[in-house]
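Structure first, commentary second.
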Amino acid sequence: MRGFLASSTGVTCAAALALPLAPPAAAATSSTPPATSPTARSEAHAPGGTQSLRLAPLARDRVPGTAEQGLRRQDVRQFSLVGVVWDSPATELHGRVEVRTRATATGTWSGWQELETHNADHAADPGTPESASGRVRGATAPLWVGESDGVEVRVRASDAPGTARSGPAAAPLPTGLRLELVDPGEAAPPPTNRARSEAEPSVLPARTALPARTALPARTARPARAARQRAEPHAGARPAITTRRGWGANEKLREKGFVYTKKVKTAFVHHSATGNNYRCSQAPSVIRSIYRYHVNSTGWRDLGYNFLVDKCGNIYEGRAGGVSKPVLGAHTLGFNANSMGIAVLGTYSSKKPSSAALKAIARLTAWKVGLYGMNPRGKTYLKSGGGNLYRKGRKVRLNVISGHRDGFATNCPGKQLYAKLDTARSKAAAYQGR
């Protein structure tokens with residue numbers, strides 16, 4: 001998302017990046033075998049993958065850090081999502097990143113589309129093992145473009161906001177700029193073993209009964225209060241949730257093991273900034289693409305969000321570890337502990353979110369924060385892990401359902417989605433029976 005004061009992020013390089021079919025002289029790729037090798041030929045037809053192309057200076061001054069870099073129009077293997085990464089997540093990209101792509105089905109080229117350059121506000125908290133892994137890169141937000149086989153990109157620098165120009169040229173671009181082209185591949189076929197299929201369903205069905213308040217220690221409540229809680233648990237029913245197996249997550253990409261916090265006190269709502277040109281039947285492919293981008297391209301241990309919602313109101317499990325558990329995500333820099341991140345697929349700076357998406361946010365939060373005794377219309381306190389709004393260690397009063405911009409100076413979740421969060425709060429409270 002475009003932030004007012006942000007730097008860009010990154011994530012784990014769990015899989016080798018693939019080579020383009022015909023890289024230009026100015027482009028380099030990751031350390032995979034040459035395109036003529038048997039390994040490269042087999043990888044070209046493997047389901048899913050990432051092509052990583054080095055950007056080159058476009059101006060006459062062809063030196064590293066020049067104020068304009070990119071790639072001329074070229075043929076590449078099929079991809080559906082695009083982003084730009086660079087070496088250091090601490091370095092900000094001040095400027096404009098634009099891409100053009102060629103649709104595989106029609107052979108027509110799109111107009112120039114802009115990528116959100118400030119994406120560091122979606123990241124692990126400073127000083128955590130995930131952020132300090134050494135694998136994290138700076139990155140733009142990814143953009144979903146649909147099945148494509150041609151690309152052109154240009155990155156133009158501008159002066160940082162609030163800084164004085166020291167010379168005729170804009171501030172240099174970050175080093176190591178690379179174009180990431182992600183092919184989501186196909187979802188894995190369902191297991192033939194019936195017992196395994198039942199143990200790992202593709203969709204967790206909606207649970208109509210209100211969940212028990214077992215997540216709250218009984219000793220914290222007085223007898224009379226405990227009785228009232230049993231009578232009125234104030235936790236919404238669990239909505240239907242498409243699991244990671246349901247949207248086709250390749251579990252070999254992410255790091256093994258899970259990381260948890262103590263509870264879920266706040267739900268931060270995001271937009272993915274991947275654009276709105278997707279069909280709901282494509283949502284699993286969009287999520288697989290974001291997953292690969294977060295892990296392979298930007299260096300995180302797993303998908304950053306805890307849950308995702310499409311414009312038809314379908315809910316998807318995000319970061320692995322259990323939908324009912326307080327899984328530590330990488331979605332709101334400085335406030336990942338004791339919170340969860342919900343990303344609505346799309347860009348909602350000027351486009352209004354669908355009523356189905358808002359209803360899904362309400363149902364999901366009514367259930368999940370209800371497990372921890374939280375009122376969706378209430379307030380709570382979180383301790384900042386450090387960011388551009390609140391210093392590390394400061395206790396910050398937040399809405400139980402907050403927008404990303406409440407914890408970080410950013411446009412996320414977009415003006416139009418942010419304006420609808422009061423509606424989501426009221427609906428969630430109603431689902432809790434409040």
Side-chain angles (χ1 to χ4, degrees), residues 1-11 83-86 89-97 114-126 128 131 136-143 158 160-163 174 266-276 290 293-294 298 300 303-309 318 329-337 339-353 361 382 384-392 394 396-399 401-422 424:
M1 319 303 165
R2 182 176 301 279
F4 303 128
L5 296 168
S7 58
S8 292
T9 80
V11 195
V84 170
V85 302
W86 53 92
T91 302
E92 299 180 32
L93 193 163
H94 296 292
R96 189 179 183 92
V97 179
E114 187 173 0
L115 277 64
E116 293 283 358
T117 58
H118 297 291
N119 194 44
D121 42 345
H122 297 255
D125 289 349
T128 59
S131 67
V136 180
R137 302 176 185 174
T140 68
L143 180 69
S158 63
T163 60
T266 302
F268 284 102
V269 178
H270 306 257
H271 66 174
S272 64
T274 47
N276 302 307
I290 296 173
Y293 186 72
H294 281 185
T298 53
W300 299 344
L303 183 64
Y305 308 112
N306 297 102
F307 295 94
L308 302 99
V309 171
H331 48 82
T332 306
L333 182 68
F335 292 100
N336 290 300
S339 71
M340 70 174 183
I342 305 169
V344 181
L345 297 179
T347 303
Y348 298 99
S349 301
S350 57
K351 182 178 177 61
K352 293 182 179 180
I361 293 170
L382 290 182
S384 173
N388 64 3
L389 275 183
Y390 303 105
R391 69 178 186 277
K392 184 176 181 179
R394 178 175 173 180
V396 181
R397 191 167 185 254
L398 295 162
N399 289 306
I401 299 179
S402 287
H404 187 179
R405 64 176 63 182
D406 294 323
F408 198 95
T410 174
N411 284 331
C412 182
K415 179 180 178 181
Q416 297 298 329
L417 178 53
Y418 188 77
K420 293 292 185 178
L421 292 187
D422 269 339

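Quick caveat, the model's predicted, so the values are computed rather than measured. Position 1 is the first residue of the sequence, and the numbers go up from there.
In this structure, Ser384 contributes its side chain and Tyr390 its backbone to a donor-acceptor pair below 3.5 Å. Using a distance-only test at 3.5 Å, with no hydrogens or angles considered, a donor-acceptor pair links the side chain of Asn336 to the main chain of His331. Looking only at distances, no side-chain donor or acceptor of Asn306 sits under 3.5 Å from a matching main-chain atom of Gly318. Checking side-chain atoms of Ser131 against main-chain N and O of Asp125 turns up a donor-acceptor pair under 3.5 Å. One N or O on the side chain of Thr140 and one on the backbone of Val84 form a donor-acceptor pair closer than 3.5 Å. Although no hydrogens or angles enter the test, the distance criterion places no donor-acceptor pair under 3.5 Å between the side chain of Ser349 and the main chain of Gly414. Listed for the Trp86 side chain is a donor-acceptor partner under 3.5 Å among the backbone atoms of Thr91.
Within the 4.5 Å cutoff, the side chain of Asn388 has heavy atoms near those of the Phe408 side chain. Using a 4.5 Å cut-off on side-chain heavy atoms (C-beta onward), Leu398 and Phe268 make contact. Within the 4.5 Å cutoff, the side chain of Leu345 has heavy atoms near those of the Ile290 side chain. Gln416 is listed as a side-chain neighbour of Pro353, based on a closest heavy-atom distance under 4.5 Å.
Residues Pro126 and Gly334 come closest through the heavy atom pair CD-N, 4.4 Å. Across Thr347 and Thr274, no two heavy atoms sit closer than the pair OG1-N, 3.6 Å. When all heavy atoms of Ser272 and Tyr305 are compared, the pair lying nearest together is CA-OH, 4.2 Å. For Ala330 against Ala124, the heavy-atom pair with the smallest separation is CB-N, 3.5 Å. Closest approach of Gly407 and Phe335 over heavy atoms only: O-CE1, 3.3 Å. Between Pro413 and His404, the shortest heavy-atom distance links the atoms CD-N, 3.8 Å.
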Exercise for the section: Would you sort out whether Thr332 and Ser339 count as a side-chain contact (heavy atoms from CB on, under 4.5 Å), showing the intermediate values? Expected result: CA-CA 9 Å; Thr332 306; Ser339 71; 5.7 Å; no
Practice task
Take Leu303 and Leu308, measure what side-chain contact (heavy atoms from CB on, under 4.5 Å) needs, and give me the verdict at the end.
Solution key: CA-CA 10 Å; Leu303 183 64; Leu308 302 99; 3.6 Å; yes
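To the nearest 0.5 Å, atoms CZ (Arg397) and CG (Leu382) are separated by 12.5 Å. Between Leu417 atom CG and Lys352 atom NZ the span is 12.5 Å, to the nearest 0.5 Å. If you take CG on Leu421 and OG on Ser402, they are separated by 8.0 Å, rounding to the nearest 0.5 Å. For the atom pair CG (Leu389) and CG (Leu333), the distance works out to 10.5 Å, reported to the nearest 0.5 Å.
Inspection of the Asn411 and Tyr418 side chains reveals no N or O donor paired with an N or O acceptor under 3.5 Å.
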